[in-house]
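The next block holds one structure in the form of structure tokens; read it before the comments.
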Amino acid sequence: MRIAHVRERHAPAGAPWRLAAALGGGAATNPDPAGWLDLEVARRRLIATDPRRAHNSVLFRLPIITLDDHLARGLRVEALAEIVEAMGAANSTVELDPDDDAFLDASGLRFGPPILRPPTFRDFYAFERHVRTMWERRGGEIPENWYRIPVFYFSNTSEIRGPGDPVWAPRGSTELDFELEVGALVDTPAFDLPEERAEEAIGGYFVLNDWSARDLQRDEMPVRMGPAKGKDFATSIGPWLVTPDELGD
């Protein structure tokens, strides 16, 4: 299942995001879906056909506004699959009906960040090949500590960008750069999980571009504090979140 925040490309300024699920197939067979299912329209329609749903499932009791609101109710991302499957939207042969407001043509949509207001954002230094390359370029070896502790820094949750959103370098910086990374959404409370159970807490993955002002970062890091202004001005994520069941090993 793929989940995204969407709005019409020509919607008025300030129009709310709508939470949608990709139509048909999985990420491997349908990597760039042509259509999306408006989950709130679908929820209302399913209740109309069977009012018992609102009594039997918390998913159907309140409007589906954003993924942030959905998670705040204590529901995980995977709970939304109940709506997708009930509407037949997971079927790889589903077709768009231009007269049906539940089904949205991707060509007319703008995509926002798959999570709009994350309560925290941690950027990890996690891929060994990347870490080794960076240390070898400086004539060193990976510190033993890296293998023992999950090294990360807290970044700025107020500067999350969606795909295509503009990004400006901090004042005084002339070396704007970005790195292609993988983002993981933890969608359930988790404390002190053993390594072999860590993936159980992940509700989905998304593409993440970690923006950097390299000249500011170069000044900050020798002080052994940070990164700060070299990193905290923007992080781009999306266009959608993919649940773990759609991915390989």
Side-chain angles (χ1 to χ4, degrees), residues 2-5 17 66-68 71 77 110-187 189-193 195 198-199 201-242 244 247:
R2 279 158 292 174
I3 299 295
H5 288 115
W17 293 110
T66 66
L67 184 59
D68 303 64
L71 298 177
V77 174
R110 178 187 168 206
F111 291 82
I115 184 80
L116 302 173
R117 302 178 304 277
T120 185
F121 172 55
R122 307 177 188 212
D123 195 312
F124 286 83
Y125 197 35
F127 290 95
E128 184 177 12
R129 184 185 303 174
H130 172 61
V131 175
R132 178 178 292 111
T133 299
M134 299 307 293
W135 278 91
E136 288 177 350
R137 284 181 179 177
R138 293 164 174 78
E141 297 181 354
I142 301 177
E144 180 271 337
N145 316 44
W146 183 86
Y147 293 96
R148 289 189 291 106
I149 57 176
V151 179
F152 68 90
Y153 65 90
F154 289 101
S155 195
N156 190 349
T157 59
S158 68
E159 296 300 329
I160 299 295
R161 303 283 199 274
D165 286 348
V167 171
W168 294 271
R171 182 179 300 172
S173 173
T174 60
E175 296 183 32
L176 184 63
D177 192 13
F178 71 88
E179 301 169 64
L180 174 62
E181 300 185 358
V182 176
L185 175 69
V186 176
D187 68 343
F191 302 92
D192 298 328
L193 289 180
E195 181 179 343
E199 286 185 311
I202 296 176
Y205 298 90
F206 46 80
V207 173
L208 184 150
N209 278 337
D210 170 30
W211 292 92
S212 302
R214 294 300 186 193
D215 39 5
L216 300 185
Q217 183 183 3
R218 204 160 41 241
D219 283 344
E220 291 170 345
M221 299 311 291
V223 186
R224 299 293 192 267
M225 190 73 165
K229 291 301 180 185
K231 288 280 193 178
D232 77 343
F233 57 94
T235 301
S236 298
I237 63 175
W240 48 72
L241 177 142
V242 180
L247 303 175

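All values below were derived from every heavy atom in this structure, side-chain atoms included, with hydrogens, water molecules and symmetry-related copies excluded. The first residue of the sequence shown is numbered 1, and numbering continues consecutively from there.
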Trp146 side-chain N/O to Tyr125 backbone N/O, donor-acceptor pair under 3.5 Å: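 Yes, Trp146 side chain to Tyr125 backbone: donor-acceptor pair under 3.5 Å.
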
So that I can tick it off, tell me whether [Y] and [X] are bridged by a salt bridge, with the cut-off set at under 4.0 angstrom between side-chain N and carboxylate O.
| X | Y | answer |
| --- | --- | --- |
| Asp219 | Lys229 | no |
| Glu179 | Arg214 | yes |
| Lys231 | Glu159 | no |

Considering all heavy atoms, the nearest Pro244-Gly203 contact: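 Smallest heavy-atom distance, with atoms named: CD-O, 3.4 Å.
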
Does [X] [atom1] have over 12 foreign heavy atoms under 6.0 Å away?
| X | atom1 | answer |
| --- | --- | --- |
| Arg148 | CZ | yes |
| Phe178 | CZ | no |
| Glu195 | CD | no |

Angle between ring planes, His5 versus Trp17, binned at 30° and 60°: parallel, tilted or perpendicular?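 The rings of His5 and Trp17 sit tilted, inter-plane angle from 30° to 60°.
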
Which word best sums up how the rings of Phe152 and Phe124 line up, parallel for under 30°, tilted for 30 to 60°, or perpendicular for over 60°?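 Tilted: the ring planes of Phe152 and Phe124 meet at 30° to 60°.
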
Tell me, do [X] and [Y] make a side-chain contact under 4.5 Å, heavy atoms counted?
| X | Y | answer |
| --- | --- | --- |
| Glu181 | Asn209 | no |
| Leu67 | Leu185 | yes |
| Asp210 | Leu180 | no |
| Thr235 | Asn156 | no |
| Val167 | Arg161 | yes |

My understanding is that only one of Tyr205, Phe206, Trp240 makes a side-chain contact (heavy atoms from CB on, under 4.5 Å) with Pro114; could you say which?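 The side-chain contact (heavy atoms from CB on, under 4.5 Å) with Pro114 is passed solely by Phe206 among Tyr205, Phe206, Trp240.
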
Residue among Ile202, Ile115, Val242, Leu241 satisfying side-chain contact (heavy atoms from CB on, under 4.5 Å) with Val77: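 Considering Ile202, Ile115, Val242, Leu241, a side-chain contact (heavy atoms from CB on, under 4.5 Å) with Val77 is found only for Leu241.
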
Any chance you could lay out the salt bridge (charged side-chain N to carboxylate O under 4.0 Å, His left out) test for Glu175 and Arg218, step after step, and finish with the verdict? CA-CA 10 Å; Glu175 296 183 32; Arg218 204 160 41 241; 2.9 Å; yes

For residues Asp215 and Ser173, is any side-chain donor paired with an opposing acceptor at under 3.5 Å?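 Side-chain D/A pair, Asp215 to Ser173: present.
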
